[in-house]
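Just follow the structure's listing: the first ligand is 1, and inside any ligand the first atom is 1. Hydrogens, waters and symmetry mates are skipped; everything else that's a heavy atom, side chains included, is used.
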Amino acid sequence: MGRLSIPDINKKYENGETLTMLTAYDAPIARQVDRGGVDMILVGDSAGDNHLGYDDTIPVTLEEALSNTAAVDRTVEDAMVIGDMPFLSYGTSLEESIKNAGKFMKEAGADAVKLETAPYGETTIKIVSRLTELGMPVVGHIGLTPQRMNQIGGGYVQGRGDESSTTVGALVETAEQLEDTGAFSIILEAVTEETGKRVTEAVDVPTIGIGAGRYVDGQVLVITDVLGLSEESYQLSKQYANLNSVIQDAVESYVDDVRGGNFPASENVFDAIDKD
Ligand code: KIV
C-alpha cells in the first residue's frame, strides 16, 4: 500500500477524521509506532533532550537529525515520515536551507520536512515558499517554538499576548502566510485553546496540536513522554505506559540472573559440556 501521502492526509482531513502524529527517533520505536497506526511520524529535533542526551533542541546537528530520520525511514511502512530541520540548518541562506531540506528527502528518505516559524517569520516563510515550489512537502510549526527558547525566555504558553507570549492575531496571520506559501499542515505548540481554535478556523490545512487544546485537526506528542521513558511529565502530554520501570525491572532481573549463575543456562550455550 505504501506510506500515507499528502492526498491521503487531505482526504482524512476533509472527511473530518482526527489526525494522529507521534515522534520517533530510532528504528525499534518507529516500527512499533508505525504498527500502532499513527498517520504521521515526526523525527523531531526533540531528539535533543529525548534521545541524544542534550538539555534541549539547540545542539542537535543536521547530521544527527538526518541519521535519526534515516533510521526511522528504514523501518516505517505505513505512516508519513517527517524530518524536522534542526536549529540553523535553515535560515542562514535560501540556498543552504534548500540544500539541507533536500538532504532529508534525498539522503534520509523523509516524505516531508518541518520548519519552526517565528511570528511573521519572513525568512522562514520565504524558505517554505521555495521548498514547496520545488516539490518538498512542508509542515509549519508555530507557537512555542523550542529553537527560539532563548529568545522567548522559557516554556511560556503562546497566544496570551503578554510580555512572554505573542498574540493570537500574530499566530493566526503567521499560519495564514504558511498556508499561502504551500505548507500542507501546521503544528501548533503550547498555545491557548482559543489560539488553537482560531488558527484552525482560519486555515484550510490540517492543524496538529501539542498543548493546543481540543479544537484542532490532530494531535502530536513526544514518544518518550507517551511511553514513560522521560524523567519529567508535562501538563500538555499524557503517559500511556511506564517503560522506565519495565526496562529497569528487566535489567535488574538480568543482573540477578548473571550474578546468580542462572544465565546463561545450558540452552543458551553451544555444545554444552553438561546439561543443567
Ligand atoms: O521536535 C518535536 O518533537 C516537535 C514536536 C514537539 C511538535 O517539534
> Just one of Asp73, Asp39, Asp8 clears the salt bridge (Lys or Arg N to Asp or Glu O under 4.0 Å) bar with Arg3, so which one?
Replying inline: Asp73
>> Heavy-atom distances under 4.0 Å decide this one: backbone, side chain, both or neither, for Asp84 against ligand 1?
In response: side chain
> When you look at Arg160 and Thr192, which way does the side chain to side chain contact (heavy atoms under 4.5 Å, CB included) test go after all the steps?
Replying inline: CA-CA 7 Å; Arg160 287 180 174 156; Thr192 61; 3.6 Å; yes
> Going by the atom numbers of ligand 1, which of them fall below 4.0 Å from some non-hydrogen atom of Gly44?
Replying inline: 1 (O), 2 (C), 3 (O)
> Any nitrogen or oxygen of Lys114, main chain or side chain, under 3.5 Å from a nitrogen or oxygen of ligand 1?
Replying inline: yes
>> Taking CZ in Arg148 as the centre, count heavy atoms belonging to other residues, nucleotides or ligands within less than 6.0 Å. Is the count above 12?
In response: yes
>> Glu116 versus ligand 1: do any nitrogen or oxygen atoms come within less than 3.5 Å of each other?
In response: no
> If you count the atoms of ligand 1 from 1 in the order shown, which ones are under 4.0 Å from a heavy atom of Thr23?
Replying inline: 3 (O)
>> Quiz question: by atom type and distance under 3.5 Å, do the side chains of Gln239 and Asp225 form a donor-acceptor pair?
In response: no
> Looking only at heavy atoms, what is the nearest atom pair of Thr20 and Val38, with distance?
Replying inline: OG1-CA, 3.4 Å
> Is Leu171 reachable from Val205 through a run of hydrophobic residues whose side-chain heavy atoms are each under 4.5 Å from the next?
Replying inline: yes
> Who's the nearest protein heavy-atom neighbour of atom 4 (C) of ligand 1, and how far?
Replying inline: Leu42 CD2, 3.6 Å
> Of all the atoms in ligand 1, which lie at a distance below 4.0 Å from a heavy atom belonging to Glu189?
Replying inline: 6 (C)
>> Out of all atoms in ligand 1, which are within 4.0 Å of some heavy atom of Ile210? Include the element for each.
In response: 6 (C)
>> Between Arg31 and Val76, does the side chain to side chain contact (heavy atoms under 4.5 Å, CB included) criterion hold? Intermediate values first, please.
In response: CA-CA 6 Å; Arg31 187 180 307 119; Val76 169; over 6 Å; no
> With atoms numbered from 1 as shown, which atoms in ligand 1 lie under 4.0 angstrom from a non-hydrogen atom of Ser46?
Replying inline: 1 (O), 2 (C), 3 (O)
